[in-house]
Amino acid sequence: MNTKFLETLVVLSRVGSFRETAQVMHSTQAAISQRIAALEEELGCDLVDRSARRLQLTPRGELVVRQAERMLALERELRESTRPDAPAAGRVRIGAIETVVHTWLSPLIRRLAERCPGVEPDLSVDTARHLQEQFRQRKLDLMIQNDPFPEAIGTLDYRVTPLCEFPLRWVARPELLPASGRLNLQDLERVPLLTFSKTSSPQAHVRALFAEREGSPVRICSFPSVQSIIQLASTGYGVAAIPPVFVREQMARGELWQCEGPALPSMLITALTESRMSVAVRETLAVVREVVSEFCEQAGPDWARPLETEQV
């Protein structure tokens, strides 16, 4: 049995279309259709329900996908076991939230080039929600983000590696802050609140502060771009709920101040991979952990804190 055909079926089941499968596998739609047809002929059953308006697998197709995933994982493990000392090499598709760009992305890329010259990092920067969707469709090998990934709960198929936490604080120009030096909910209702995208955990935490205040006129402005939040806060447009590490320079110059106020949970940054990963992905993850640990040590606990416990 051709394992490439099995891999094609697995990808098709995840992305949900022949066109997307062709893009992921760097092939053509015609070739993808031929592989599925050949697999159906070999197994003697229909794997794809072609009568449905949207692509879906038949019950036997779903069964074959589950078994194919196990077979492909065993094949990868077998190949790697015969080359235990082979240097890490190949393309590693990394998805990261913009927080990484503003903290430790540059040292990560430099360290990878030094430590693993054969690894080709292919970086995508997006919101956690979009990264998770790409990861589900196997378009990413390594995902670095800050939201829970439900599929990783109660399974050994994924490896979740906690990296660090960034304290979330209220930051604004000094003229927007109360003389008392501490913000309350009434203060926050008077100004626009600047934070991350609508689907992010920080935005949900900010909104939850006002859940029991009926008729609250709070204005929560959500942005997928960290730089947009920083620019608006720097011009005095509103109060930002962000990790202060983003604006260390502005705070040092006195342009922005950090203020006490309603408590917000820290942003917990994790890395997520499939449990059975390639040597290149494994080495990349090791470098990520090393770089993050060094960044946190240099920045200090007020700005970033390492998370040592590893979950599987």
Side-chain angles (χ1 to χ4, degrees), residues 23-26 76-77 79-128 130-147 149 158-166 224-227 230 243 245-249 267-301 303-312:
Q23 292 177 353
V24 171
M25 302 195 72
H26 306 288
R76 287 195 299 270
E77 184 178 1
R79 290 182 184 278
E80 290 179 15
S81 68
T82 61
R83 305 175 62 232
D85 300 323
R91 176 174 171 237
V92 176
R93 300 166 300 174
I94 306 171
I97 56 175
E98 197 181 356
T99 296
V100 175
V101 177
H102 288 268
T103 50
W104 40 266
L105 176 64
S106 293
L108 170 62
I109 299 302
R110 287 197 297 269
R111 185 69 57 83
L112 270 176
E114 297 168 359
R115 186 75 55 79
C116 308
V119 170
E120 302 172 11
D122 184 354
L123 181 69
S124 299
V125 179
D126 211 327
T127 63
H130 290 157
L131 291 175
Q132 289 192 8
E133 188 57 34
Q134 293 179 54
F135 188 79
R136 289 186 185 98
Q137 296 178 4
R138 301 187 74 183
K139 294 180 179 180
L140 297 174
D141 303 305
L142 170 61
M143 177 173 62
I144 304 170
Q145 51 96 52
N146 65 302
D147 284 347
F149 187 70
Y158 301 103
R159 175 178 177 181
V160 181
T161 304
L163 296 175
C164 65
E165 63 174 318
F166 293 110
S225 166
V226 171
Q227 194 59 41
I230 295 173
V245 69
F246 293 164
V247 290
R248 283 187 293 182
E249 294 181 3
M267 286 182 65
L268 303 181
I269 310 300
T270 62
L272 196 134
T273 64
E274 292 188 354
S275 295
R276 299 183 184 277
M277 67 192 89
S278 69
V279 173
V281 175
R282 185 180 301 111
E283 291 301 312
T284 299
L285 177 59
V287 173
V288 167
R289 296 184 65 188
E290 181 180 300
V291 168
V292 171
S293 178
E294 292 178 3
F295 175 85
C296 292
E297 183 177 355
Q298 293 169 3
W303 307 99
R305 308 181 190 113
L307 297 174
E308 300 296 342
T309 305
E310 184 169 314
Q311 304 169 0
V312 176

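Only a predicted model underlies this, so the values are computations on that prediction, with no experimental measurement involved. These values consider heavy atoms only, across backbone and side chains, with no hydrogens, waters or symmetry-generated copies.
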Test Thr161 against Arg289 for side-chain contact (heavy atoms from CB on, under 4.5 Å), laying out the working first. CA-CA 9 Å; Thr161 304; Arg289 296 184 65 188; 3.6 Å; yes
What pairs with His102 under ring-ring contact (aromatic ring centres under 6.0 Å, His included), at least two apart in sequence or on another chain?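 Testing His102 for ring-ring contact (aromatic ring centres under 6.0 Å, His included), a comparison that skips the adjacent residues, returns Phe246.
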Heavy atoms only: give me the nearest [X]-[Y] pair and the separation to one decimal.
X: Pro162; Y: Thr270; value: CA-CG2, 4.0 Å
X: Leu140; Y: Leu131; value: CD1-O, 3.6 Å
X: Ile269; Y: Trp104; value: CG2-CZ2, 4.5 Å
X: Leu272; Y: Val160; value: CD1-CG2, 3.5 Å
X: Val245; Y: Thr103; value: CG1-CG2, 4.0 Å
X: Val226; Y: Glu98; value: N-OE1, 2.7 Å

Between Asp126 and Gln134, does the side-chain contact (heavy atoms from CB on, under 4.5 Å) criterion hold? Intermediate values first, please. CA-CA 10 Å; Asp126 211 327; Gln134 293 179 54; 3.8 Å; yes
Have a look at Glu274 and tell me which of Arg138, Arg93, Arg159 forms a salt bridge (charged side-chain N to carboxylate O under 4.0 Å, His left out) with it.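 With Glu274 as partner, salt bridge (charged side-chain N to carboxylate O under 4.0 Å, His left out) holds for just one option, Arg138.
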Does the pair Glu165 and Leu307 meet the rule for a side-chain contact (heavy atoms from CB on, under 4.5 Å), with working shown? CA-CA 7 Å; Glu165 63 174 318; Leu307 297 174; 4.1 Å; yes
What's the spacing between [X] [atom1] and [Y] [atom2] if we round to 0.5 Å?
X: Leu285; Y: Ile94; atom1: CG; atom2: CD1; answer: 10.0 Å
X: Gln132; Y: Thr127; atom1: CD; atom2: OG1; answer: 9.0 Å
X: Arg136; Y: Lys139; atom1: CZ; atom2: NZ; answer: 13.0 Å

Which residue, Val292, Leu123, Val288, forms the side chain to side chain contact (heavy atoms under 4.5 Å, CB included) with Leu108?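 Exactly one pass, corresponding to Val288.
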Side chain to side chain, Met267 and Ile97, heavy atoms closer than 4.5 Å: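 Met267 reaches Ile97 side chain to side chain.
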Within the supplied structure, the quantity of interest is the number of heavy atoms (other residues, nucleotides, ligands) at a distance under 6.0 Å from Glu297 CD; does it exceed 12?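 Result for CD/Glu297: open.
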Can you check whether Ala280's main-chain N or O pairs, donor with acceptor, with Thr284's side chain at less than 3.5 Å?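 Yes, the answer is positive, given that a donor and an acceptor are paired below the 3.5 Å cut-off.
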Backbone N or O of Asp147 within a donor-acceptor pair of the Gln145 side chain at under 3.5 Å?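 Judged by distance alone, yes, a pair lies under 3.5 Å.
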Evaluate the ring planes of Tyr158 and Phe135, with Trp represented by its six-membered ring, and classify them as parallel (under 30°), tilted (30 to 60°) or perpendicular (over 60°).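 Ring orientation of Tyr158 relative to Phe135: tilted.
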With side-chain contact (heavy atoms from CB on, under 4.5 Å) as the test, would you mind laying out the steps for Ser106 and Arg110 before giving the verdict? CA-CA 6 Å; Ser106 293; Arg110 287 197 297 269; 3.8 Å; yes
